[in-house]
Amino acid sequence: MTAETGSLHSASLRSGRRRQRSALVVAGLMAITAFLWSTPFLWTLVASFRPETAGGIGMASLLPDYIPTLDNFRNAFESGDFAVYYVNTAIVAFGILAVQIVTISLAGYAFARLSFPGRETIFYVFLLQLMLVPPILIVPNLRTIVDLGLYGSLAGVMAPYFASAFGTFLMRQTFRQIPRDFEEAAVIDGAHWGQALWHVLLPMAKPGLIAFSLVSLMAHWNEFLWPLMVLNEPRTHTLTIGLATFALSTEGGREWGLLAAGTLLVMAPLLLLFAIFQRQFVNSFMFAGLKG
Amino acid sequence: MRWIKSLAVAVALAPTATWAQTKIDFFFPVPVDGKLSREMTRLVKVYNDSQKEVAVTAAYTGSYDDTKLKAQAAAKAGKPPAVVLMSANFVLDLKLAGDIVSLEPLLKADGTTKAKFLDDFWPAVHANAIVDGDLYAIPFQNSTPLLYYNKDHFKEAGLDPEKPPQTWAELVDAAKKLTRSDRMGFGLPEGYDYMGWIMEALSMSNGGRYFNEEYGGEVYYDTPSMLGAAQFVEDLVFKHKVMAQGVVEGPALSTTFLAGKVSMMLLSTGSLSFVRDNMKQPFGVAFVPRNVRNAVPIGGGSLVMFKGLSEEQKAAGWKFAKWLSSTETLGGWSRFTGYFSPRKSPYDTAEMKDFMAKNPEAKVALDQLPYAKPWFATYQTVAVRKALEDEIQAVLNGKKKAPQAVKDAQKNADALMKPYVDQTALKLP
Amino acid sequence: MTSVAAAQAPFDASHARPVSGHRLQRRLLPWLLLAPSLLLLAAFTYLPIGRVAWESLHDKPHATGKTLFVGLGNYTALFADKAFTQSVANNLIYAAGTVPASMALALLFALAVQRATRFNAIMRAILLFPSMVPLVAAASLFFFIFLPGVGLFDHYLAKLGVRGANWLGDPDVALWSLIGITVWKNAGYYMLFYLAGLTTLPGEVLEAATIDGCNAWQRLRYVIVPLLAPTTAFVLVIALINVLTQVDHVIVLTKGGPSNSTKLVLYYIYEQAHENFAYGKAAAASLLSVSFLLALSVFSLKTMERGAHAAS
C-alpha cells in the first residue's frame, strides 16, 4: 500500500472506499459474464415459445418479439411420451445413485480407515475406471449385459455405473477428514464397525454424499449413447433418447423451436432441483473440501 | 432349405394356441424428424395387430450411424435384430463384414427369384440391394438430390420463376444475378455424408461414375468428370463468388434457405415435406442441373436382416420385411415422409395419383427418377467417402486447388481399399 | 453387504470372540467392503480393458472373418496414420485451449461468488447451468448459435458491424469453437471444487497477508493459489480426463471435420472402431490413451497428496 502515513482512521476509510469500488467492478464484470454464460439458455427459452420454428430471420433474436405459443411444447409432447421418459430417466439416475452410495461408502471406508496389503495399488486400479473411454466399452459391456439377461432393461443401463471410482475417491477423502476420535469413541462404547460407519461416519460425510449425488445425477440424467445401445422399446426410453428423435436428423432441416422446447423439458427437473437446493449443493461441495 | 419352407408353412398354418409367437426386434433410425418415428411405431402396431404369429418390437435407434453401431453391437452380444432399416450404401460393407444374411434362401423358400422380386422396384435402386449377385437388402425409402429455389428471389432478380436453371452455365448465370451483399445465390450441403453424395451428383452430371458399381475396390476420383465437378465447386466460391466459403452443413443450409439468405440449393427430396411445411415464400424444385448429362445418385434406406437369428426369427423377420415393403405400406410411407417409394406399383394407386396432383414438387422428384443411378458403396464406404470429402472441404476453404484435391483424394482412397484389392482383383494365380 | 456382514458378527458376539477370529475378520473386512465395487469393476472395467489389450495385438482384416496375431503391428500402423497424428496434435491444442482457460475462469468465478449472498446464489446457478445441459441438446443448440449468417452469433455480430466467421465450417476456426463450448460447459463445474477448496484456506493467513500490505493480485498470486494447490491438482486431473474422454460434441457438431481439423483422439477411436471396422487400431489407440491418463493421474494425485500433507 501507499508509503505515506496518514491517520489510521483515514487510511482504513480510503481502503474501504476502494474496496467498495472494486466490489462494484467485480459485480459488473460478473453481470456481463452471467449474461454471456446464460445467452444459450435465454435463446432456448425465447425460441421455445416462438411461433416460427424452423428458420426465418427472427429465429436468432433474443427478444421475445412475438405472441408466445405453446405449439413447440405441444409438438414435443406429441413426438414422444414424455411422462414415460421422465419416469424412466428418474429410475435410471436415482437407481444408479442409490446403489452407488452403498458401494462407494463401503469402499471409501475401506480405503480411508482400514489398512491391508496392496491398498495403494488397488486404489489406483480403482481409478482406472475414470480413464476408460465410453465408446470402446460399448461392445464388450453390451455383451456382459446380455449375458446377465439385462439387455433392453433399465437395470442394464444402470449396472455398469453401480461402482464409481470418482465416488470412492470422494468418500475416501471425506472419511479421512473426519477425526478418528469420533468412531473410536463409538467402537470403545462397543459399536461394531458397521454401526460406526452408519451412525458416525456417514452422517458426518453427508456433505460429501450430497456433492457426489449432484455430480452423479447430472451425468446419468443426461447420458445418451449407452442407454440408446441398451434400450429396445419406446416404453423404456429415457429423456435424451426422446429428445434425439427430433434433435438429430441427418437429412433435411431442423425445427429449432421444437428442439428448444425439448431441451427445456429435459433440463427442467435438474434446473428446478438445483434452483431449490442450490445453497445445500454448493455448501456441501464446500464442506466436502473441509479438512478436519 | 426345404425344411425352412415347411417350417414357414407350419408357422403360418399352426393354430396360435399351440405355437408361441415369434418375437423379433426391428431397429429404425429417423433421418428426418420425430413425426416419422411416431408413424413408424404406429405402422408396426398395425402389423402386430393384423396377425398373431410374429410380435415385432420396434426400436428407434438414433441416426443411421447410431443404428449401425447399435445393430452390430447387439449382434455381437448375441441379440441380433431381425430387421434393420439401414443406410442403403452400408449394405455392401455389412455384407463384407459378415454382419448380414443373404435373402436368396428366403426368396427360394417363397418360390420366387431375385429378378421376379425386384421387378416392381425402380432399376436405379437395384444395385444397392445386391452384393456379388445376391440380394441382401430390400429398398424401403429413397431420395435423390433436387434443386430448390426461392421464386420471390427469382422475380426480384429478373429471372423467370417457372424456368429454373437446367445446366451448370445457367446455374452460374442465375446465381450471379441472385447474389447480393446480404445473400448468396447458391448453396450446397457440405458436411460429411452429404458432401460425398452431392459430389457424386455433380460428377455424374458431368458424365462421371464416381465408383465401380460392379466391384467394391474402385473409385474414380482422379478423373476429368470429378475434377470438373471439384473445379466447379471451387469456382462457385472463389471465381463466381455465389456460394459461401467454408463448409456449410445440411441443416445449416436449409435454415439459411428458409430465412431467405440463400436463393438456390441442392438438397435431398427427403426434405420436401420439411421445406413445404416451413417455407414462408413460394419455392420451386427442379432437376439437378447438368453439364454433360442429367444424372443423380439414389440415397435412402433399405431393410436388411442380421446374422445369428434362429430359423423361426428369420422367417418371422422376412415376413415382416415383406409386409413393410408391400405396395400399400410403401405408398403410405412415401406420402407421409416425402421419400419416394422404391416400388413402382404404389404410383398406380388412386391415392398416389391424387397426392401427385396436389403436390407438383413430388412429381418433379419422381420425374427425375429415370436419371437416377446407384449410390456409391465400396469396401470401407465411409472412409473412402471421407477421403474425398476432406479434400473438397479443403477446396471450399481455399486451402487446396481442385486438381491437387482430387489427386490426393484418389491416393488416400486407393490406400484404404488396398487390402481388399490385394485379396480380390490383384490376387492372381 | 452391510447387513450380511453385520449378521455374521453382531457386536456383542464380536466382543466375546477369541482374538484369532477377530484378527481373521479384520483381515477379511477390507475385502468384504471392496467386494461389491471390485466385482462390478471387474465386469465392466477390467474385463473390457483386458479385451482391448488383447485386440490391440490382433488384427481382424475387414471382410475376411479371420483374427491374426500381429504383435505391435497395430501400434506401428497407428503412428503411420496421418489422421491419428493429426488427432493427437488437435488434442494437444484442445487441451491447451480448454484446461487452463476453464480452470482459471473457475478460480475467478469461485473467488467472485465465494460469499453467500443472494446475488452470488443466482450467479452460481447461472455459471453451473451449462454443466446440466445434456450434450445431445447443447451441441444442437450450439449448432444453431454457430450457424453461418443466420445463427445467434452472426446475427448479433452483424448488429455490431462485425462480420462473423463460418464457426464450424472453417478448419482454422472450428476447433476453437469447440474449445469455447467446452470452456463454457466445464468452468462452472470446476468452480464448485474451487469453492470447496477456498473454504479450507485458513482465514488468519489471508488476514496476515492483507495486514502485511499485499494487494489483491499479490494475495492471489502468493497466498491463495499456492494454498489451493491440492484442489488445483484434483481439478487438473478431472479436466485432463475430460479432454480425453468427452467426445459427444464432436460427434454431434462436426464429426471431426472440416478436413479433420476437429478430430480428437477419442473421435478417431470411435471412427476406427465403428465406421472403418479397424478394431485393432482403435484398441491400440485406446490403450495408449488409457495408459497416458493413468500415468498422469497417479502422478497428479501423488503430488496432490503431498501438497495436502504440506498444507496441513
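Residue numbers start from 1 in every chain, and the chains themselves are labelled A, B, ... in the order their sequence lines are given, proteins ahead of strands.
Neither the backbone nor the side chain of V99(A) has a heavy atom closer than 4.5 Å to any heavy atom of chain C. Contact annotation for A159(A): both backbone and side-chain heavy atoms come within less than 4.5 Å of a heavy atom of chain C. At a 4.5 Å heavy-atom cutoff, the contact between M30(A) and chain C is made by backbone and side-chain atoms alike. For L128(C), the part sitting under 4.5 Å from any heavy atom of chain A is the side chain, from C-beta outward, and nothing else. Contacts of I122(A) with chain C are made by side-chain atoms alone, with heavy-atom separations under 4.5 Å and no backbone atom involved. In this structure, the portions of L62(A) lying under 4.5 Å from any heavy atom of chain C include both its backbone and its side chain. Proximity to chain C is absent for every atom of R113(A), based on heavy atoms less than 4.5 angstrom apart. Heavy atoms closer than 4.5 Å to chain C are found nowhere in S105(A), neither backbone nor side chain. With a 4.5 angstrom heavy-atom cutoff, F153(C) does not touch chain A via any of its atoms. With a 4.5 Å cut-off on non-hydrogen atoms, M123(C) touches chain A through its side chain but not through its backbone. Within the 4.5 angstrom heavy-atom criterion, atoms from both the backbone and the side chain of L152(C) approach chain A. Contacts of F162(A) with chain C are made by both backbone and side-chain atoms, with heavy-atom separations under 4.5 Å. The part of L105(C) that comes within reach of chain A is its side chain, from C-beta onward, which places non-hydrogen atoms under 4.5 angstrom from that chain. Using a 4.5 Å cut-off between heavy atoms, L270(A) touches chain C through backbone and side chain atoms alike.
Checked by atom type and distance alone, the side chain of D154(C) never pairs as donor or acceptor with a backbone atom of V150(C) at under 3.5 Å. Checked by atom type and distance alone, the side chain of S48(A) pairs as donor or acceptor with a backbone atom of L45(A) at under 3.5 Å.
Applying the side-chain contact (heavy atoms from CB on, under 4.5 Å) test to L108(C) and every residue at least two apart in sequence or in another chain returns nothing.
Within the cation-pi definition used here (under 6.0 Å to the ring centroid, within 45° of the axis), R172(A) qualifies as a partner of F123(A).
A centroid separation of 6.0 Å or more is found between the aromatic rings of F169(A) and F166(A).
The distance from the CG atom of L264(C) to the OG1 atom of T245(C) is 11.0 Å, given to the nearest 0.5 Å. To the nearest 0.5 angstrom, Q114(C) atom CD is 8.5 Å from R124(C) atom CZ.
Here F126(A) is the residue among F126(A), Y109(A), F111(A) with the most heavy-atom pairs under 4.5 Å with chain C. Ranked by heavy-atom pairs shorter than 4.5 Å toward chain A, the options G188(C), G151(C), S131(C), A138(C) are led by S131(C). Between chain A and the options P130(C), G149(C), A187(C), heavy-atom pairs under 4.5 Å are most frequent for P130(C). Between chain C and the options W221(A), W43(A), F116(A), the largest number of non-hydrogen pairs under 4.5 Å is found for W43(A). With chain A as the partner, the residue from L141(C), V133(C), I241(C) showing the most heavy-atom pairs under 4.5 Å is V133(C). Between chain A and the residues Y279(C), Y156(C), F292(C), the most heavy-atom pairs under 4.5 angstrom are made by Y156(C).
Screening residues 108-142 of chain C for ring-ring contact (aromatic ring centres under 6.0 Å, His included) gives W37(A)-F109(C), F41(A)-F129(C), F142(C)-F146(C), F142(C)-W184(C) as the qualifying pairs, with residues at least two apart or on separate chains.
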